[in-house]
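One structure below.
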Amino acid sequence: MANRTDPAAKSIRGTNPQNLVEKIVRSKIYQNTYWKEQCFGLTAETLVDKAMELDHIGGTYGGNRKPTPFMCLVMKMLQIQPEKDIVVEFIKNDDYKYVRVLGAFYLRLTGIDSDIYRYLEPLYNDYRKVRRKSPDGNFMLTHVDEVIDELLTRDYSCDIALPRIKKRWTLESLGVLDARKSVLEDDFEEEEEKDEMEQDGLEEEVAHEKDYYRARSPARERERDWRRDSHRHRDRYRLREEKEYGYERERDREREGRERDRRDRERGRRRSRSRSRSRERKRHGRSSMSPRRHEAEDGNAPEESKKKGKKEKKEKKDDGTDHPDPEIAEANRIRASLGLKPLKL
């Protein structure tokens, strides 16, 4: 009798509410000590006190798959089938997080699709921590919103197969549900407006800074410096070229002067050589004439010729024009024309 469903309970999804829990898990619950001692004779009013004593959630655990107190209370709610208002009060309870999770789990098993989305989606904003017993018997931390997400998106939770429900967009297209509106939507809109204003102000400030610093940008400063340095370099290079060109012109003039002097000296040497050769030929011609001819031309020719020869030799020895070095001979001729003493080197 203790394991029978309340005769006044309605069938859920065409079957006994307790059949929503698999037979193996049901048999484990019926044999559990907590079910026999703590859940016997509970009503919808007294069930709340037991739910407030919960300190963790979970399905079955250990080697023999023992059920948790949370699963025993879920089974008791399926047995007595409390009113919808009581279940909704469980879900809206802000003081006891395990009572809230218990009511959400029961509504997910027995409620219609629209009620499941309508009452469970607001719990996404509950970030409180809850303890959960894993199948190996250890505890792990999770959050209320994570449990709600598991109930809405998974097929299994706490070792129980969850009934299938329609997707939210299908219910929205049918007009059963309104489009979901986030609680933080107003905050998002304010943040977006603030971001847009800040972005507009930032763009204006950036544009002003660009206009102000465009003429003083590092690239333009480097370009001005480069142009100024290149202009100075060109001026310096031009002055250096002018100086070098002046030096080259001076060197060319000096070279031309030296070449001209050398040509003049060569010309003077050739002239002196030609003159000396002509004199030699004249002397040779005179010396080759016979004494009789000289005498015929001039009766006292031998004596006069001797005197002339001595005089000419004396004159030649005195003016130094007959020097064997052509340059010295030329220099002596020039000094003789100027009335200077000859060189006797």
Side-chain angles (χ1 to χ4, degrees), residues 1-6 9 12 17-18 20-22 24-111 116 119-120 122-151 156-160 162:
M1 295 295 292
N3 298 333
R4 291 182 181 179
T5 305
D6 189 349
I12 304 297
Q18 292 193 72
L20 294 175
V21 180
E22 296 178 357
I24 297 176
V25 179
R26 284 204 310 272
S27 62
K28 295 289 184 183
I29 293 173
Y30 294 154
Q31 296 172 6
N32 188 261
T33 305
Y34 184 86
W35 170 262
K36 294 177 180 179
E37 294 180 357
Q38 304 294 331
C39 297
F40 180 79
L42 287 179
T43 61
E45 292 77 8
T46 58
L47 182 66
V48 178
D49 299 331
K50 291 296 179 181
M52 293 169 60
E53 296 175 359
L54 290 175
D55 59 356
H56 66 278
I57 63 174
T60 58
Y61 64 94
N64 55 359
R65 312 307 297 173
K66 294 176 60 175
T68 60
F70 177 81
M71 186 54 58
C72 294
L73 292 180
V74 171
M75 189 68 180
K76 193 63 180 180
M77 293 181 71
L78 290 174
Q79 187 182 29
I80 63 177
Q81 200 177 55
E83 296 292 334
K84 179 181 177 181
D85 296 338
I86 298 175
V87 177
V88 171
E89 290 298 326
F90 276 32
I91 296 173
K92 292 182 178 179
N93 192 320
D94 294 331
D95 298 329
Y96 297 94
K97 53 190 176 182
Y98 293 104
V99 175
R100 168 172 283 186
V101 174
L102 179 63
F105 197 94
Y106 176 77
L107 183 64
R108 174 66 179 84
L109 292 176
T110 60
I116 292 172
Y119 292 109
L120 264 63
L123 302 184
Y124 273 126
N125 298 319
D126 192 346
Y127 307 114
R128 289 179 293 181
K129 296 179 181 180
V130 292
R131 298 172 66 197
R132 182 169 189 167
K133 182 170 282 191
S134 59
D136 59 0
N138 296 322
F139 288 98
M140 57 182 296
L141 281 178
T142 185
H143 300 81
V144 175
D145 60 319
E146 293 178 342
V147 176
I148 299 302
D149 185 71
E150 181 179 320
L151 294 176
Y156 280 87
S157 180
C158 297
D159 297 330
I160 294 180
L162 301 175

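Not measured: the values here are computed from a predicted model. Hydrogens, waters and symmetry mates are skipped; everything else that's a heavy atom, side chains included, is used.
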- request: State, with a plain yes or no, whether a side-chain heavy atom of Pro17 is found less than 4.5 Å away from one of Thr5.
  value: yes
message: Holding to side chain to side chain contact (heavy atoms under 4.5 Å, CB included), I want the full list of residues that pass it with Asp136, two or more places apart in sequence or in another chain.
response: Ser134, Asn138
- request: For residues Ile91 and Ala104, report the shortest heavy-atom separation together with the two atoms involved.
  value: CG1-N, 3.7 Å
- line: d(Lys66 NZ, Asn32 CG) to nearest 0.5 Å is 6.5 Å
- prompt: How about Tyr127 and Val144: do any of their side-chain heavy atoms sit closer than 4.5 Å?
  reply: no
message: Applying side chain to side chain donor-acceptor pair (under 3.5 Å), can you list everything that pairs with Asp149, at least two apart in sequence or on another chain?
response: Tyr124
message: Please give me the minimum heavy-atom distance between Ile148 and Leu120, naming the atom from each residue.
response: CG2-O, 3.3 Å
message: Nearest 0.5 angstrom please: Cys72 SG to Ile29 CD1, how far?
response: 5.5 Å
- prompt: Would you find a donor on one side and an acceptor on the other, under 3.5 Å apart, between the side chain of Asn93 and the backbone of Tyr96?
  reply: yes
- request: Kindly indicate whether the side chain of Ile80, heavy atoms from C-beta on, has any atom under 4.5 Å from the side chain of Lys76.
  value: yes
field: Straight-line distance of Glu22 CD to Leu20 CG, nearest 0.5 Å
entry: 11.0 Å
field: salt bridge (Lys or Arg N to Asp or Glu O under 4.0 Å) against Asp126, all qualifying residues, sequence neighbours excluded
entry: Arg100, Arg128
message: Checking the side chain of Tyr98 only, and the main-chain atoms of Arg131 only, is there a donor and an acceptor separated by less than 3.5 Å?
response: yes
query: Heavy atoms, side chains only, cut-off 4.5 Å: are Cys158 and Met71 in contact?
result: yes
field: By side chain to side chain donor-acceptor pair (under 3.5 Å) - contacts of Glu45 (at least two apart)
entry: Thr43
query: In chain order, what residues pass the side chain to side chain donor-acceptor pair (under 3.5 Å) check against Thr60, with sequence neighbours excluded?
result: Arg65, Asp159
query: Going through the checks in order, is the side-chain contact (heavy atoms from CB on, under 4.5 Å) test met by Phe90 and Leu102?
result: CA-CA 7 Å; Phe90 276 32; Leu102 179 63; 4.3 Å; yes
query: What's the shortest heavy-atom distance between Cys39 and Leu73, and which atoms?
result: SG-CD2, 4.1 Å
field: Expected output: side-chain Thr142 to main-chain Val130 donor-acceptor under 3.5 Å
entry: no
query: Do you know which two heavy atoms are closest between Ile12 and Thr110, and how far apart they sit?
result: CG2-CA, 3.9 Å
field: By side chain to side chain donor-acceptor pair (under 3.5 Å) - contacts of Lys50 (at least two apart)
entry: Gln38
statement: For residues 28-42, the salt bridge (charged side-chain N to carboxylate O under 4.0 Å, His left out) pairs (sequence neighbours left out) are none
- request: Without swapping roles, check the side chain of Thr46 against the backbone of Leu42 for a donor-acceptor pair under 3.5 Å.
  value: no
task: Applying side chain to side chain contact (heavy atoms under 4.5 Å, CB included), name anything that partners Ile24, two or more places apart in sequence or on another chain.
output: none
task: Taking all non-hydrogen atoms of both residues into account, name the closest pair between Val87 and Met77 and its distance.
output: CG2-CE, 4.4 Å
message: Using the salt bridge (Lys or Arg N to Asp or Glu O under 4.0 Å) criterion, which residues pair with Arg132? Sequence neighbours excluded.
response: Glu150
query: NZ of Lys97 to CG of Leu123: how many Å apart, nearest 0.5 Å?
result: 14.0 Å
task: Could you tell me which residues satisfy salt bridge (Lys or Arg N to Asp or Glu O under 4.0 Å) with Lys84, sequence neighbours excluded, listed by chain and number?
output: Asp115
query: Restricting to pairs with a member in residues 40-71, which pass ring-ring contact (aromatic ring centres under 6.0 Å, His included), not counting sequence neighbours?
result: His56-Phe139, Phe70-Phe105
query: Do you know which two heavy atoms are closest between Ala44 and Ile86, and how far apart they sit?
result: CB-CD1, 3.8 Å
- line: Taken to the nearest 0.5 Å, the spacing of Leu78 CG from Tyr106 OH works out to 6.0 Å
- request: Measure the spacing between CG of Leu109 and OG of Ser157 and express it to the nearest 0.5 Å.
  value: 8.5 Å
field: side chain to side chain contact (heavy atoms under 4.5 Å, CB included) partners of Tyr30, counting only residues at least two apart
entry: Asn3, Gln18, Arg26, Trp35, Met75
